[in-house]
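Below you'll find the structure, written out as structure tokens, and then a few comments.
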Amino acid sequence: MGSTAVAITAFYCTAVAAGLVAVAAVWWSTRAPGRIDVARVVEREKGWFAIVVALLLGLLLGTVFFIPYGRTSTGAQVVKVTGQQFAWIIQPATITANKPVEFRLTSKDVNHAFAVYDDRDVLLFQVQVMPGKEQRYVTTFRRPGVYHVLCLEYCGLDHHAMAADFRVTR
Ligand code: CUA
């Protein structure tokens, strides 16, 4: 099991345990219901609503600036990618490590998904590729080697054959 899988498993087990504790707490608190003070409940719900809104806003502000799409990087190596049934055209197919790369991706026919795996078959990122639109994705490869590309959007009978490689050099 890789470290990511261990982290996901640990997080999942913790979440399940926390969920069980929460269910037990609700069950315990409702064993012998007393009289309900509706006005107090209404006040309390306003408080919870404010907490939920604050949490969602925090989540939004904490993540929205990390969305990797729509960025451009001046001085980046530009790699043009064209998807078509059933192949990838990657130009140039050699990329320099430790220098930003700007992928510019489009499709000649239908939707595809440009998915890049490293030489250990770990998925690094995926970009939706659409006809009539140029998607941009900026990243930096740290390790030299051969990277693999697959299509992750079902696009026809030979979707599974839509594979390619590119090389990252020092
Ligand atoms: Cu292209 Cu699936």
Side-chain angles (χ1 to χ4, degrees), residues 1-20 22 52-170:
M1 220 195 266
S3 58
T4 309
V6 170
I8 289 171
T9 306
F11 177 80
Y12 182 76
C13 290
T14 310
V16 168
L20 289 174
V52 168
V53 168
L55 281 175
L56 289 176
L57 275 177
L59 188 66
L60 177 69
L61 290 174
T63 55
V64 73
F65 301 107
F66 297 98
I67 292 174
Y69 303 103
R71 287 184 196 165
T72 52
S73 177
T74 46
Q77 320 166 67
V78 173
V79 175
K80 296 215 163 206
V81 176
T82 306
Q84 62 180 89
Q85 290 165 319
F86 296 96
W88 293 108
I89 301 161
I90 303 170
Q91 291 168 318
T94 301
I95 292 166
T96 307
N98 297 313
K99 196 179 159 214
V101 193
E102 183 179 308
F103 287 100
R104 294 183 186 169
L105 311 106
T106 191
S107 167
K108 277 190 179 170
D109 37 41
V110 299
N111 277 19
H112 303 279
F114 182 75
V116 173
Y117 296 80
D118 68 10
D119 53 4
R120 291 175 292 194
D121 287 332
V122 173
L123 176 63
L124 301 179
F125 61 87
Q126 192 221 168
V127 182
Q128 197 70 20
V129 181
M130 292 170 274
K133 176 154 172 55
E134 187 183 74
Q135 293 277 77
R136 292 181 183 214
Y137 185 84
V138 177
T139 188
T140 303
F141 294 99
R142 300 288 171 203
R143 280 193 314 130
V146 176
Y147 289 69
H148 308 295
V149 177
L150 291 177
C151 180
L152 288 192
E153 171 86 34
Y154 183 71
C155 54
L157 275 184
D158 278 333
H159 154 75
H160 62 279
M162 244 181 112
D165 288 340
F166 61 82
R167 183 173 288 279
V168 172
T169 57
R170 259 179 230 291

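In this chain, residues are counted from 1 in sequence order. First listed ligand is number 1; within each ligand, the first listed atom is number 1.
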Provide the closest heavy-atom pair for Ala163 versus Leu150 in the form atom of the first, atom of the second, distance.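 Ala163 and Leu150 have their closest heavy atoms at CB-CD2, 3.7 Å.
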- Answer with yes or no whether the side chains of Gln128 and Glu153 bring together a donor and an acceptor at under 3.5 Å.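 There is such a pair between these side chains.
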For atom 2 (Cu) of ligand 1, angle spanned by Cys151 SG and Cys155 SG (nearest 10°) is 120°
Subject >> Test item: His148 and Asp121 side chains (from C-beta on) under 4.5 Å apart, heavy atoms >> reply: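 They are in side-chain contact.
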### Task
Return yes if some donor-acceptor pair links the side-chain N/O of Asp109 with the main-chain N/O of Gln85 below 3.5 Å, else return no.
yes
Output for pair (Phe166 CZ, Ile95 CD1), nearest 0.5 Å, gives 4.5 Å
- Query: Is the distance from atom 1 (Cu) of ligand 1 to some N, O or S atom of Met162 under 2.8 Å?
  - Reply: yes
- Of all the N, O or S atoms in His112, which one sits nearest to atom 1 (Cu) of ligand 1?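 Answer by atom name: ND1.
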The atom name of the N, O or S atom in His159 nearest to atom 2 (Cu) of ligand 1 is ND1
Atom name of the N, O or S atom of Glu153 nearest to atom 2 (Cu) of ligand 1 is O
